[in-house]
Amino acid sequence: MQKTRYAAAAVAAVAALTLSACGGGDSAESEGGESGSAETVRIGIKFDQPGLGYDEGGSYSGFDVDVAKYVANELGYTEKQIEFVEAPSANRENLLSNSQVDMIFATYSITDTRKETVDFAGPYFVAGQDLLVPTDSDIAGPEDLEGKNLCSVTGSTSAQKIKDQYPGVQLVEQPGYAECVTAMGGGQIDAVTTDDIILAGLAAQESNAGKFKVVGNTFSEENYGVGLPKGSDMCEDINAAITKMIDDGAWEEAITSNTEGADYTFNAELNPPTPAPCA
Ligand code: GLU
């Protein structure tokens, strides 16, 4: 995996050198689409969150993916110029700081702590932290988790909130939410916590049908931003693209189609949000 990524980066670097050596002439047009550029944009997404960012075996689906494609297109990239890179929760800041991706659309909440190391455009969606439990469980909120095994993901706001506010809970951390759900299916875990939209997508997976329910009692506001390297000059253009996506109906279409079949309704009081002024 890692090897492939570096290999791809090396190819991209060579391509960039070749292009600049040619002075950006006709050769650029042969590779790229409308924009006439052979440049690619590396976008970090989740690969294991159905309905948001999901690897369907080389093609990618989900709301984050649709917003990413729309925004990239507005920035002048065709779909074939996008290189999707897996961005697990714990790696997002590093991927941006080490220039391994150009932007991140990965259920990435805007927080003051993260703003110390990365920039954000958006928000483009607002979710809320919730719990996923076995269908027959009577856990109704985080207050019922004392002494219970709760699973969440390393590097997420979801795990952090439990550590800060519910220290009596036995928190088990995994690299991804799908691993948490598998562990709950095996009986080792009593509940999984993260954003409601993520939990709804996992619960709706065919292999999980009928097994779990989202409690429906949110206890945070998660503003999904577009992660950017610190000092990026792309925030204004990305915000303009998000606003356009909301105004022309593509946002609504994307959220509806990607949550179809999942037991999920977005919070219409908070969505669609207005992108915040850029720093
Ligand atoms: N939105 C939360 C976060 O950014 C939880 C989901 C995730 O881990 O991606 O940490």
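Both backbone and side-chain heavy atoms feed into the values below; hydrogens, waters and symmetry mates do not. Numbering of ligands and ligand atoms starts at 1, following listing order. Owing to the predicted nature of the structure, the values given are computational and were not obtained by experimental measurement.
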Please step through side-chain hydrogen bond (donor to acceptor under 3.5 Å, both in side chains) for the pair Thr259 and Tyr264, ending with a clear verdict.
CA-CA 7 Å; Thr259 54; Tyr264 183 75; over 6 Å; no
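- From the protein, the heavy atom lying nearest to atom 2 (C) of ligand 1 is Thr157 OG1, 3.1 Å.
- Looking at Lys163 and Glu173, a side-chain N of the basic residue comes within less than 4.0 Å of a carboxylate O on the acidic one, giving a salt bridge.
- For Tyr108 and Phe120, the ring centers are positioned less than 6.0 Å apart.
- Residue Gln129 places no heavy atom under 4.0 Å from ligand 1.
- Looking at Tyr224, Phe125, Tyr177, Tyr108 and measuring to atom 6 (C) of ligand 1, the nearest heavy atom belongs to Tyr177.
- Contacts of Ser89 with ligand 1, taken as heavy-atom pairs under 4.0 Å, involve the side chain alone.
- Residue-ligand proximity, Thr194 to ligand 1, at heavy-atom distances under 4.0 Å covers atoms 5 (C), 6 (C).
- By the 3.5 Å distance cut-off applied to N or O atoms, Ser158 is not counted among the residues near ligand 1.
- For Val153, the closest heavy-atom approach to ligand 1 does not fall below 4.0 Å.
- The heavy-atom pair separating Ile197 from Ala127 by the smallest distance is CG2-CB, 4.0 Å.
- Using a 4.5 Å cut-off on side-chain heavy atoms (C-beta onward), Leu95 and Arg42 make no contact.
- Ligand 1 has at least one atom lying under 4.0 Å from a heavy atom of Arg114.
- Of the heavy atoms in Arg92, only side-chain atoms (C-beta onward) come closer than 4.0 Å to ligand 1.
- None of Asp196, Thr157, Asp195, Thr193 except one satisfies the side-chain hydrogen bond (donor to acceptor under 3.5 Å, both in side chains) rule with Gln129; the exception is Thr193.
- Atom CG of Asn73 is separated from atom CD of Glu79 by 8.5 Å, given to the nearest 0.5 angstrom.
- Near Lys46, the atoms of ligand 1 lying under 4.0 angstrom from a non-hydrogen atom of the residue are 7 (C), 8 (O), 9 (O).
- Atoms of ligand 1 lying under 4.0 Å from at least one heavy atom of Ala106, given by number and element, are 9 (O).
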